[in-house]
Each structure stands twice: as C-alpha cells, then as structure tokens.
Amino acid sequence: MIGEGSIELEDAAEHVYQALLDPELLQRTIPGCRNFEDQGERRYAALMEAGVGPIKGAFKAKFAVTDVRPPEGYTLQVEGQGTPGSVFGRVTVSLVSSAPQRTQLRYAYDINVSGKIAMVGQRMLDAAAKMVAAQFFKRLREELAAR
Amino acid sequence: MKPARFDYYLPATLEEALATLSELGSDGKVLAGGQSLVPMLNMRIAQPAALIDINGLVDLDAITCEHGALRVGAMVRQATLERSGPALGQVPLLAQALPLVGHWQTRNRGTLCGSLAHADPSAELPLLLSVLNGSVEVHSSRGVRTVAARDLFVSFFTTSLEADELIVAAYLPIAPARRRYAFNEFAQRHGDFALVSVACAVEFDEQGMLAHLTLALGGAGEVPLVVEAADALGRLLDRELIAALAERASTACDPPSDHHASAAFRRQLVRTLTGRMLTALVPQEEAAAT
Amino acid sequence: MIESPARTRPRRWIGEAVPRKEDPALLTGAGRFIDDLDPFPHTHHAAILRSPHAHARILSIDSTRAMALEGVKAVLTGARVAEISKPFHAGITEPVHFYPIAVDKVRYVGEPVAVVVAKDRYIAEDALELIDVEYERLAPVVEIDRALAADSLPLHENVGSNVVHERSFTYGEVDAAFAAAEEVVEATFRFPKYASTPIETYGVIAQYQRGTNTYAIHANFQGPFVLHTLLASALCVPGNRLRILVPPDIGGSFGIKALLYPYMGLIALASKESGVPVKWIEDRLEHLCASSSLTDRLTHVQAAVLRDGTILALRLDHVDNVGAYVRAPEPACLYRMHGTSTGAYRIPALAIHNRLVTTNKLPTGLNRGYGGQEHYFALERTIALIAKRLHLDRLDVVRRNLVRADEFPYHAPAGSVLDSGDYHTAFDEALRLAGYQDLLATRDRARAQGRSAGIGLACVVEPSGSSMGYITIALPLEQRKKSLPKSGAAEAVTIALDPSGAITVRLGTAPQGQGHQTVTAQIVAEELGVTLESIEVVAEVDTQTSPWTIASGTYSSRFAPIAAVAVQQAARKVAMKLRTIAAQQCDVPLDDIDLADGLAIPRGDRSKAIPLKRLAGLAHWNPLALPSGMEPGVYETSYYSVPILEAPDDLDRVNSSAVYGFVVDICLIEVDRETGKIEIQRYVSVHDTGRMLNPLLAEGQIRGGFAHGLGGALMEEMVYDEQGALLSGTFVDYLCPTAAEIPPLTIGHVDTPSPFSPLGAKGIGEGNSMSVPVTIANAVADALGIDDITLPLTPRRVWEMVQR
Ligand SMILES: Cc1cc2nc3c(=O)[nH]c(=O)nc-3n(C[C@H](O)[C@H](O)[C@H](O)COP(=O)(O)OP(=O)(O)OC[C@H]3O[C@@H](n4cnc5c(N)ncnc54)[C@H](O)[C@@H]3O)c2cc1C
C-alpha cells in the first residue's frame, strides 16, 4: 500500500525534527506500542498492536530511522511479524517550514503486508494503512503540542 | 479456521445484556446475525475475549412505526425486513437495497442493526441509513441516546458507539408522499460487496423542479458520503445538472485502491452510476422534453 | 451377421439419458466424504503453520511454547521431515528438491513450516500461534520476466537458476516454411494463474502402523496412482506398505486433488512422529494459498502464413511458471498439449521452445483443461490476429486451415493422432446454431449506436485419456533411453457376482462427481442384460484390495475412452462365463445363449431360460457342475490399456492422448465502456464427443467446463503483489462465477465415434475450460479493436483497456 498525507505543526522545523528523533515520542505515537526497546543506532524493537474496528493483530516490530536529513526529514523502516502475517516497508517524512513557527510535515508510506492479513484483508488493507498513518501523525501533533 | 477461545454469554433480558456489556467493556463483542463477526472469528483476525449473544432477546425483533419512522429492532433479520410488506411500503428504498446485501442465506441471519454497527464502508445498509437520514437508538447501562446516521459512522469499521453500548433499534424515516428513491451499485458478482454504490432520494415540485435531493455514496471513502446538493434545489434535473452532480460526486469522494479497482476506476464508477441513477429518476414528461 | 428372429436382444443402456445413481444419497445429505469418516480410534487433528513470506530463509523455529499447551501431542518441522523421508521426484533433470514442508527456506506464501498435532483442531490452531519462527527475508521472484532475468535470486540454490527446464523441438521444415511465408504474424501472450476451487477441500486421515511399518492413508485423492509409487518412495517404504484409501464420495476436484499427495505424505509423517492417527481437513484459506493451480504462461508465437490465410508453420516459445517447486506430474503442463500443438489445423511444420521457471508462488499441477487453456489462448488469438492482419474473414481463415474430414486419422506433426472428426461440419453447425448472420447484424447495429459489441470464436481439439509416456519427452532422447520406455494408459475394473447373483463392480477411478457409477451400471446392465438397480458400483479405492494401475484415477477426461472400456471388457468376461455355464446347462452351443432381463435365454426360448442368480449360485455352490476347467465363483478383473498410445519416438513425437474431441465456440458480447462490464449475449458451443455414453452427464460436463472457463475469462486470478504476497486469499478476493453469473449456453453436437476406442466415446470434461477464455478474449478484442488482451477480463482491466 502506498499513500501520503500531511499535517501542519505550530513549531519550527528544527524543533520538529529533534522531536521526531526522540525515541520516547516514537514510543508514544506508534499505535498500540508496548515493550519499547532502544537497541541503539536509531534501531528500536517493540510489540505493536494495530487494527481497524474489530480486526486486530499483534506484531513483533522493528523500527530503524535511516536516511537522516536534518532538518528536512528521515525514513522510518518498519518490519513486523505476528500471527496474522508480516508487515514491512517504510515511511518517509519530510519537513517544510511554511512560516517561522510553522512546519508542514509530509509523509509518504510504502508498506507491504504478507501472509494471512494480506490474504483475508484485501478489502480493508488500504483503509487500514490510511488509518494507522493518520492515527500516528495525529498523535504526533498532539504530542508536539503538549511539549 | 477455528476461532480462538472466548467466553460466551447469552443474556435473557436487555438489562442483563447491558450489564454484561458494561462489565466486559472492550473485551466483549455483541453477536447478532454473526455474518460479519463469525468469519472474522474463524479467521482469527478478531479475537475478542467474550461474545454477548443477543439472539435470546426476543423483544428486539419487532418492526413498528414510531415518530414517523420505521423502527427496526436489533434482532430483525434482513430477510424478515425484505419480506415485510408494510416495511417495504413505508420505506421503499429497502426493497431496492436489501436484495443487494449478500445472499438470501446471509440475509436469513444477518440483521440491519448488525450491519450498521459493523460500519463496513462498502455495505449497503449504512448507505441506506445515511441517504434516508435515519438514526439508531443506543442503550447502555448508563442510559439511552439517539445517534443520527451522520454521527454514527466515524471511519472504516468504526462507529461512535462506546464499548458498552448496544444498538437496540434503527429508525428509517417513512417516505413522504412525493419522494422517490433509487439505489444503484456496481459489484463484480451478484451478492458481492459493491465496488461502489450510490443512492438518492428526490422530490419534484408541481413545476417539475427539484424540491429535495439527497445523494449519497458507498464504498467511496471511510464512511457513507452525503454529497452536497443544496444548490440543485429549484432546478430542472436536466442532462447538464445530472452531469454536474455526477462529476461532483466523483470528485468529492476519496475511494480506496485494491486489485479489484483502482481509486480512479472507483471514481469513474461513481460518476457513471450517479449519472445513470439520476437519469432514470427524471420524470417522464421532462425526459420526453429533453 | 444375420441374427435369427428367435434371438433376444438385451435392452440398450449405453447412450441413454439415465439419471445419476449417485444423486439420491448426495441430495439427501447421505454422501460419505473424507470428513465424514472416522476410521481410526484416538484420531488427533493437525493444523499447519504456513509461511507469511514469499521468499525467506528460516533462521530458527521454536516450538517450546506450543508443546507446552495442554492437548498438543507433537510439532513436526521441515528439518525432521528431511531426516525421515526423501524428496519427491519429478520428471525433469534439474535437482529441484521438493519436500511437503519447507526445510531451510520458504518459497511461497502459505508453504507449510510446521505441523501441530493436537487433541482437536481448535487446540492445534491455538498452538500455531505459539510457535516462534525467525525468518530472514530474501528478494522475491514473482513474475516470469523476473525469473528469466540472469540476476534473479534462484529459488533453488543448487540449481543455480530459476529456469529449471529447457527443451527445443522441431517438426517438419520450419525454416523453409518461414522463408516461403508471405507474412509472418507474431504476438506475445500472457495467461494468468488460476485454479479450479472444488467445494470440498483437501482431506487426509493417516495412521502409521508401527507393528508393520505401514502407512494407511485415507484421502480424497483423485489419482493418478503413479503418485502412489512416488509417495511410497518418499516415505521410504515399499508400495505394499503404503495403503491409500479413497472415500466413496469426493466433492469435486477438477485436477486439483492430484496434488494432495504432498499433504498425504506430510500427515502420514505427522502420524509417525506423534504416534497417533492424524486427521487434517484443509480449510479454504489453506486451499486458496497452498493447494495447487494451473501455470501462468508467457507465449510468443510466430506464424508463417500465405496471404490467403494458409498457415505454413508455427514457432511457439513457451515459458511456464510452475511456482516454487516442480511437483510431479509437472512439467506435464508444458507437455500435455505438446503432440496437439497445432490444434485443429493442418499445419505441417512446427518449432517449439519450452522453458519452465520457478517463482515465489504456489506450485502448480493438474487443473481442468490442464495446459489447454494456456495453449489455446495463444493459438486461437493468433488465428484471430492472422485474419485481422491479412484483412481476411475469420471464418475463411479457420475453414482454410481446419483438418478436413477425409484426413482422419490425422497425424499432427508433433505426434498426436487425431482419431476422428468432421471439423468443418461442426464449425458450420456452430455458425448455424449461433445464427451467425444475425450476430453480425446485432453487433453492427450496436456499433452504429456507439456501443462496443464483438464476436469471438475458437476451435479447440480436446484431448482425453492421457498417455503415461508423454511426460517423458521433457527428457532429452539420451536421458529417455536410459530408462524403460513408457507407453499406454491403463485402467482396471473388477466385477463380481455373489452366490445370490448380486452384482458388484469395483472401480479404480476415484470419481469426484462425474457419474462413473451411473455409466458403469449402464454398460454392465447392457452387457449382462440386467437392470441398473441390480448393480452396485463401488467407487471407494483401496490400493490394497482394489484393482488399479499407475494410470488409475480421474483426470484428463479419461473415463469415457479408457475406464469405460475396461468396464465393458470385464462385463464381457463375466457374460462369457455365465453364458458358458448356461450353454452347458441347456445343452446348446455357447453362441445360442443370450443374456437379457436377468436371464440366460437359449435360442430365444424363455421357457428354458435360467436366471443369472441360479448360474451365479451354481458357480459358488456347485463348482463340480461347472464346465471342465472352469474356475469357481464369478469374479472377473479386466485391465485395459489404449493400444495407440506409444512411447515417444526418437524424433520426439508423441501421441499424448487416447482420443481427441473437438469444440467450436462462438459468442457475442457487449462491453459497457463506462464500467468495463462484459455482457455475454449469446454463447454457442458445439462438441464432438464421439459416441455419447449418457447425454445428461455429457451436458453436465459441458456446463461445468463452461463455468470454469468463464471464471478464467472474466474473474479468477491468484493475485500476488510485487513482494509475492498473495492478495486473493479468500472467496471475497478470489472470485468464481456463481449461478447468477453464468449466461445461457446453447449446446450442439456433431459426434464422430472414435475408431480407436472400443466404445467410440471421447472425453468431454475439459473442452470448454480450454475454449471459453480465448473465445471471450477474441470477442473483447473484436469489440474494442484491441490486440493486446490480458485475462481475466475484469471490469477494471477492461475499463483501463478502453482508456488506452
Ligand atoms: C457471504 C457474505 C456476503 C455478504 N455480502 C454483503 C454485502 O454484499 N453487503 C453487505 O452490506 N453485507 C454483506 N455481508 C455482511 C452481512 O450483511 C452481515 O450480516 C452484516 O454486515 C452484519 O450483521 P449481523 O447481524 O450478521 O452482525 P454480526 O456479524 O453478528 O456483527 C457484526 C458487528 O456488529 C456488532 N453488532 C452487531 N449487532 C450489534 C448491535 N445491535 N449493537 C452493537 N453492535 C452490534 C458485532 O459486535 C460485530 O462487531 C455478507 C456476509 C457474508 C457472509
């Protein structure tokens, strides 16, 4: 699934960028994130629960922040495996400052799922990806606003 | 394809059901017709800790008329509704929409309220509720509230219901005398979830001008989408207006992509279906004149 | 021979529209399918953990948590399977090792990774969630083009390439024909991957019997029983220690249950490991990702033609995608149609280049039409393109090239011997039934109104009764010479009369709904002069007690040309014995005894007739009264093999099938340009089925094949994304036509009995699954004026074609 979106943030790009690299914040914004573990070198492991409506799946996930381009953005590599199947792909985040204290955060994701969820969930996957991405960035905005 | 272990509750009264729901919170799932829930359980993509089976609540299978609307209880099967002459007379759109919902076998079990609670963006019945501007009556041990269609559907498979709430009935407004309805969908096979569906309610005044128009789309976004059409009122539903409305519908929506249909193809289907549906609704005299 | 008026003729049953003997039980829910059986006490249940990845290395499997779950008996993984069994053999030279479970790598989504044996299926599925597998993802190879690329990661490292088989063949003067050609018509075709989806999925109940080192496996397996031999060798036991039992009823197969054998092996090993009998009933999710499918194929065709449409030669370049492994009987997908590559046409020269590739998709196998739909899609699209490029009437191009009635038996260049036919008459009959002139007028009227209508047609030779030798042409001559030649196609039948004269027939065909019991009863009733009701036909197969051959089973539409003949032969042996006894009893010459109405009648004199019951009683109770030298009892087995099925010759020619039917399809369709929906307005199919054994069953076969063909044409496809994830894993996404999607079908017949089959009958089960996809493709090409047609013609695809 590929998709994209953007959110407007009331903060300078540098601040946003710093915040985005903060593992604490990642942990709080990743939907259903538990047992977050910082493995160093911007690699993280966690248990993640994601779903749409009644459909839920738990994954053992690995995250890696790569392709860091301060303060313009980075790529978040995701790889997860769980009983419903596997998920892997990346989310590219880019920051554009639209005014001194305003930043537009654009994200583009390219996520693959495989195994049972891909087999049974076709009709919902596109929707699920959209929703998880939207949730993630919505929380991110809330987190940033709370800082 | 065997479900994971779950606890099973079969309440005998509504009060008991609501008490169980409030006790279990998000661990519990209501079981009505099971036509959406059971496949998810069997495939283990849903693993609720408990099921609260409402099939024992006999009071919930009544179809009545209240406050200018058809009140359909939570345990009224889609097939019962489909065979109820009075219901179809009062809400004629049901006669068009119900035969499109799955197959008669699934309609024998599936309920109207279950489909609304499930909030599948491609399902016919949420679209029906939206185009009719209906509502649901929601109970919990905390009280009773009415939720209008536009406030019910939040996102894909997500409603504004709280975990302890039960839809006890759906209200489908009774058709005014001059109101006409249409439901049109494009599915790859008979009984499939539609790639997209469109529905509308229209009324023409004495002069043949549009006096009412509700146009809504299914399968074209997160929730049934009601297309803004107030500017069409007072106008003749001619070819130009139809084309403009069809175009507006196709750009207003945000349909998903999958291997059956790209978003672009779904938009195209919305345009075509809307155009064809509205064209068929043009009063005969007008159609002859244009 | 002039018959004396005093003789009694038995009632004729062959060719009658007899309703199915099988139906009362099936329609009242009294069928006995694999899941209804409970043959062993203490049977446990298996669930299979399957790969979520298309291509990955297995780093570790930890089943500690699963084993700790109460009710779990054993967890079997690939490493153990490789220790206690051998890989399955297939008919190619490259060492593609195939075990029924992933050993060190997973190669397709759904591949078995571990088997849990537990008290019930619920617990077994719970335990699957407790097995921890660590994978390292590898670059997937999904499409044929990628598999052909030199740098694609080989699925099988020991083979070193994803091209696992390659052979070239030349028949006749191909280069000369291309030099003489006035035009060369050339095109590339892609055929999608789909399957047959029977209602009943796979099922196995296996018991390892330690005392005797014997495996007893109940399975809804359809044959060919050559796979028994293969399975025995994989399980490391001699054939007599592997007992396969097929239940009385099988809920459809269409080829797909031939590929049950890996699971039969896997569940048998699970029984051995766990020490308990194990039952596994495949669920639909498993079926759609990990049973079997036909091959997707890339074909490049060059046709050397004259301006008048005469085809001088064909060059065919095939790349077949067998998915992750080459599972026997593959590479039959490439070779079943080999001898018949020139189809219904008199094309003297032919060159074929065949390649087989492996990709990270579900492995393939038999499917109704096996190899035919892929082949005819390219061939019959080419015929349409020839007419278009040369500005000729399609009917003329077809008529000019069809094999003529006076040319039968026709020896096709690659070896098939087309036994009988009258293709031109059948073609004309199809045009007549379709009202071809009206179709043209309707199409042109629609076009004049701005709509898109098109006419499609296709001519298809339908082979039936596959030879056991054809697959060996996959091997080069030197290689082939190293082993014994393989020829023929045999079936075995036993008929017994008990002391009360009750008749029991035992088949080795493992029918799956075709109505074999009915036709068998018709043949036996006619030969023995008895009623249909008096005959019990046992369809259960038990390799320890039933008569069978390596070819036994139901596939390649082989019942009519082969098994039915074995039935007739066995019945004739019985008839001979009964008549011989009666002749002695009545003291008349053998020739004077007729069997009719349950009696042996001497010279038409019913007053002296002896009931068969008494003759049978005599054979059992009073052997001393039998004619001298005659054995007691009435128990006759007959083996029949088709004489014309010779082993491939040194020029690589092979007659791959016993007999050849013929199908002409014509349809009119209209495309809704705005929604991409195809409406089939008229569909006519004319068949040559040889001598028809039962018109009701024949019609059922045609309608069933039509539905399968329609699925392939319009909706069925196993869709994988670019990472090899399967997207069509349920019936919500893998769409099969239902009754509501099947348009009316007009059926016609121009039947020419086969001279090469004693009954004259030809198979009829697969013709339309071969013909329908290309017929509809031709119609859509005609409607849209587009040459490049890809199946299935879903609304989305058609709409996108219209946009271009
Ligand atoms: C083969 C097949 C084809 C189908 N095709 C279509 C189709 O074309 N179009 C279509 O719209 N649908 C289709 N369906 C789905 C069907 O319409 C379901 O019946 C319906 O979506 C759910 O109703 P139910 O009573 O079966 O609910 P259930 O499956 O019992 O429940 C569905 C969900 O709603 C919740 N729920 C149920 N009742 C209530 C309530 N009163 N209050 C609160 N929550 C509740 C449950 O907890 C669950 O989450 C198909 C189903 C099948 C099996």
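We use all heavy atoms of the structure for the numbers below, so side chains are in, but hydrogens, waters and symmetry mates are not. Labels below follow one simple rule: chain letters A, B, ... track the order of the sequence lines, proteins then strands, and each chain is numbered from 1.
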- Message: Before we go on, tell me: are the rings of C:Y734 and C:Y194 under 6.0 Å apart, centre to centre?
- Response: no

- Message: Report which part of C:E129 has an atom under 4.5 Å of a heavy atom belonging to chain B: side chain, backbone, both, or neither.
- Response: side chain

- Item | CD1/C:I199: more than 12 non-hydrogen atoms of other groups inside 6.0 Å | no

- Which atoms of B:R266 come close to chain C, meaning under 4.5 Å heavy atom to heavy atom: side chain ones, backbone ones, both, or neither? neither

- Message: Quick test of your reading of the model: are C:D126 and B:R44 salt-bridged, counting only N-O distances below 4.0 Å?
- Response: yes

- Message: With a 4.5 angstrom heavy-atom cut-off, is it the side chain or the backbone of B:R271 that approaches chain C, or both, or neither?
- Response: neither

- Note on the structure: Under 4.5 Å to a heavy atom of chain B? For C:R284 that would be both

- Item | Interface residue of largest heavy-atom contact number with chain B, from C:E674, C:E286, C:M715, under 4.5 Å | C:E674

- Distance-only, no hydrogens or angles: does the C:K279 side chain make a donor-acceptor pair with backbone N or O of C:D120 under 3.5 Å? no

- Message: Salt bridge or not between C:E679 and C:R451? Use side-chain N to carboxylate O under 4.0 Å.
- Response: no

- Query: Relative to chain B, which segment of C:D733 carries a heavy atom at a distance below 4.5 Å: side chain, backbone, both, or neither?
  - Reply: both

- Task: Answer with side chain, backbone, both or neither: which region of C:E741 has an atom nearer than 4.5 Å to a non-hydrogen atom of chain B?
- Result: side chain

- Heavy-atom pair count under 4.5 Å with chain B, highest-scoring of C:V719, C:L735, C:T730: C:L735

- Using distance alone, with no hydrogens and no angle criterion, decide if C:S293 and C:K193 have a side-chain donor and acceptor under 3.5 Å apart. yes

- Query: Checking heavy atoms, do the side chain of B:P39, its backbone, both or neither come under 4.5 Å from chain C?
  - Reply: neither

- Message: Heavy-atom cut-off 4.5 Å, strictly under: side chain, backbone, both or neither for B:F186 against chain C?
- Response: side chain

- Message: Please classify the contact of C:E800 with chain B as side chain, backbone, both or neither, using a heavy-atom distance under 4.5 Å.
- Response: side chain

- Item | Proximity of residues 98-119 of chain B to chain C, residues having a non-hydrogen atom under 4.5 angstrom | none

- Query: Is there a donor-acceptor pair closer than 3.5 Å between any side-chain N or O of C:R50 and the backbone N or O of C:V109?
  - Reply: no

- Message: When you compare the side chain of C:P198 with that of C:I256, does any pair of heavy atoms fall below 4.5 Å?
- Response: yes

- Considering residues at least two apart in sequence or located in another chain, which fulfil the side-chain hydrogen bond (donor to acceptor under 3.5 Å, both in side chains) criterion with C:H53? none

- Sub-3.5 Å donor-acceptor pair from the side chain of C:E282 to the main-chain atoms of C:Y202, do we have one? yes

- Task: Kindly check if the number of other-residue, nucleotide or ligand heavy atoms within 6.0 Å of CZ (B:R83) is above 12?
- Result: no

